[in-house]
Novice: 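Below are the structure tokens for one structure; questions will follow.
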Amino acid sequence: MNPSVCKISFLFLIIFSCFDPSYANHNGFDAIFQFGDSLSDTGNFLIANADSSPNMGHPPYGITFFGHPTGRLSDGRIIVDFIAEAFGLPLLPPFLSGDDQSFSKGASFAVSSATALDVSFFQERGVGLGTNLSLSVQLEWFQRLIPSLCNTTRGCKKYWRKSLFMVGEIGGNDYLGPWAFNMQTEQQVTAYVPTVVEAIKNATEKLIELGAVNLVVPGNPPSGCFASILTLLNGTRAEELEPGTGCLRRANDLIRYHNRLLRRAVEELRKEHPHARIGYADFYTPIIEFAKDPEAFGFSYRPKLNACCGGEGPYHFDVRALCGQPGSSACPEPSAAIDWDGWHATEATYHRIADSWLHGPFADPPILRLRKH
Ligand SMILES: *[C@@H]1O[C@H](CO)[C@@H](O)[C@H](O)[C@H]1NC(C)=O
Ligand SMILES: *[C@@H]1O[C@H](CO)[C@@H](O)[C@H](O)[C@H]1NC(C)=O
Ligand SMILES: *[C@@H]1O[C@H](CO)[C@@H](O)[C@H](O)[C@H]1NC(C)=O
Ligand SMILES: *[C@@H]1O[C@H](CO)[C@@H](O)[C@H](O)[C@H]1NC(C)=O
């Protein structure tokens with residue numbers, strides 16, 4: 001609704017007038033900057049790895065909304081797309097897509113496979129990674145971009161006041177790659193958690209130093225509910241699964257530990273930077289709720305934790321036939337499924353999570369109320 005529509009509706013029905021636009025006008029954002037991994041990559045990995053023709057560059061990625069692959073790891077839009085739409089902003093272009101001038105309304109710096117910790121941390125441990133474009137590299141990209149966004153102290157202050165920074169989700173790859181593919185044990189990856197959380201805290205702090213005042217730090221989703229993890233970490237033994245959800249207990253234990261420390265870090269940041277508004281977004285609970293009672297949220301695909309798109313396997317997941325690769329197939333109705341490709345969710349799942357972050361209850365505060373007047 002634009003202001004003139006508000007005025008017209010005001011004449012007819014005061015209750016209806018400007019309910020949504022009041023957010024857009026007073027609490028809205030003019031730009032969104034997203035950091036993270038495949039859960040918020042809008043195309044960077046695909047651009048950086050175009051030569052190797054990665055699976056997300058092939059149909060049926062993108063089929064539900066865009067009609068073609070965009071580099072997003074879903075059948076359609078991802079969470080930050082719905083956040084951008086809620087503020088009337090264009091869907092975030094991937095940073096690697098263009099020259100600096102096109103990013104005044106925001107950009108996604110997120111790269112699929114990215115870690116919160118630098119590559120050197122994993123190299124020292126003999127762990128190979130899918131990308132070296134880690135969180136600190138993404139921050140360097142952003143820092144390089146700043147002069148094209150605002151030039152004067154006054155101009156920047158004004159611009160940052162109306163910019164939203166999404167610091168994650170990030171960190172999942174620091175655990176899951178080493179655990180599922182590199183023979184690291186549960187104990188080894190659990191020991192990374194405090195360092196990973198510190199890296200996310202440091203990155204958030206760095207953004208505040210650079211001027212950010214509105215930030216949201218999302219936690220990690222329950223990877224024990226992913227078809228990939230259930231397959232790769234052998235979650236087919238009943239006693240290893242959580243009753244109710246069917247998710248792999250030890251993977252979710254690890255993620256809950258991460259999220260607990262991250263929430264604590266966010267509380268510390270709020271105390272240390274009282275002028276900033278720092279939200280925490282819960283990526284864990286909504287997916288647990290969907291897994292407990294999929295029907296209640298409109299998910300009718302069965303078995304409920306199976307990937308919609310993938311190869312043959314107990315969870316419709318096979319590392320040798322990933323979604324988009326030969327030998328894989330997609331379910332006829334992605335919007336009925338929670339899990340898209342074994343690692344990432346469907347647009348339908350992301351839409352519901354985005355709504356719960358924008359309006360509550362799964363973000364503290366809800367993103368629509370984050371910015372001060
Ligand atoms: C990442 O690796 C590529 C090739 O392996 C290299 O060209 C590039 O400079 C590296 N980037 C960073 C930020 O380390
Ligand atoms: C900042 O200054 C540079 C060089 O003078 C100019 O090209 C650019 O458009 C300016 N950016 C903004 C946001 O004013
Ligand atoms: C976080 O920042 C502190 C202070 O600069 C530094 O000592 C620490 O090594 C950083 N931690 C990580 C994981 O980057
Ligand atoms: C999973 O099962 C396969 C064979 O069924 C076995 O080779 C592998 O070691 C198991 N992995 C784990 C993490 O238990």
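Since the structure is predicted, the reported quantities are computational estimates derived from the model, not experimental observations. Numbering of ligands and ligand atoms starts at 1, following listing order.
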Novice: Check whether any protein heavy atom sits under 4.0 Å from atom 11 (N) of ligand 1.
Specialist: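 Under 4.0 Å from atom 11 (N) of ligand 1, at least one protein heavy atom found.
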Novice: Counting non-hydrogen protein atoms only, what is the nearest one to atom 14 (O) of ligand 1? Give residue, atom name and distance.
Specialist: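 It is N132 ND2, 3.4 Å.
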Novice: Among all the protein's heavy atoms, is there at least one whose distance to atom 5 (O) of ligand 3 comes out below 4.0 Å?
Specialist: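 It does not: no protein heavy atom is found less than 4.0 Å away from atom 5 (O) of ligand 3.
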Novice: So, T245 versus E242: side-chain donor-acceptor pair below 3.5 Å or not?
Specialist: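 A donor-acceptor contact under 3.5 Å links the two side chains.
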Novice: Yes or no, since that's all I need: does a protein heavy atom fall within a distance strictly under 4.0 Å of atom 2 (O) of ligand 1?
Specialist: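 Given the 4.0 Å limit, the answer for atom 2 (O) of ligand 1 is yes, a protein heavy atom qualifies.
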Novice: Of the protein's non-hydrogen atoms, which lies at the shortest distance from atom 8 (C) of ligand 3, and what is that distance?
Specialist: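 The protein heavy atom lying closest is E198 OE2, 3.5 Å.
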Novice: Between C331 and C309, is the SG-SG gap less than 2.5 Å?
Specialist: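 Unbridged: C331 and C309.
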Novice: Under the rule for ring pair (Phe, Tyr, Trp, His ring centres under 6.0 Å), what residues qualify as partners of H58, not counting sequence neighbours?
Specialist: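 Result, ring pair (Phe, Tyr, Trp, His ring centres under 6.0 Å) vs H58: none returned.
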Novice: What atoms of ligand 3 come closer than 4.0 angstrom to any heavy atom of A199?
Specialist: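 Those atoms are 13 (C).
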Novice: Could you tell me whether some N/O pair between T195 and ligand 3 is separated by less than 3.5 angstrom?
Specialist: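 No.
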Novice: Picking from F297, F283, F362, Y301, what satisfies ring-ring contact (aromatic ring centres under 6.0 Å, His included) with F290?
Specialist: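 Result: among F297, F283, F362, Y301, F297 is the only option passing the ring-ring contact (aromatic ring centres under 6.0 Å, His included) with F290.
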Novice: Quick one: do R302 and E295 make a salt bridge, cutoff under 4.0 Å?
Specialist: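 Answer for the salt bridge query: yes.
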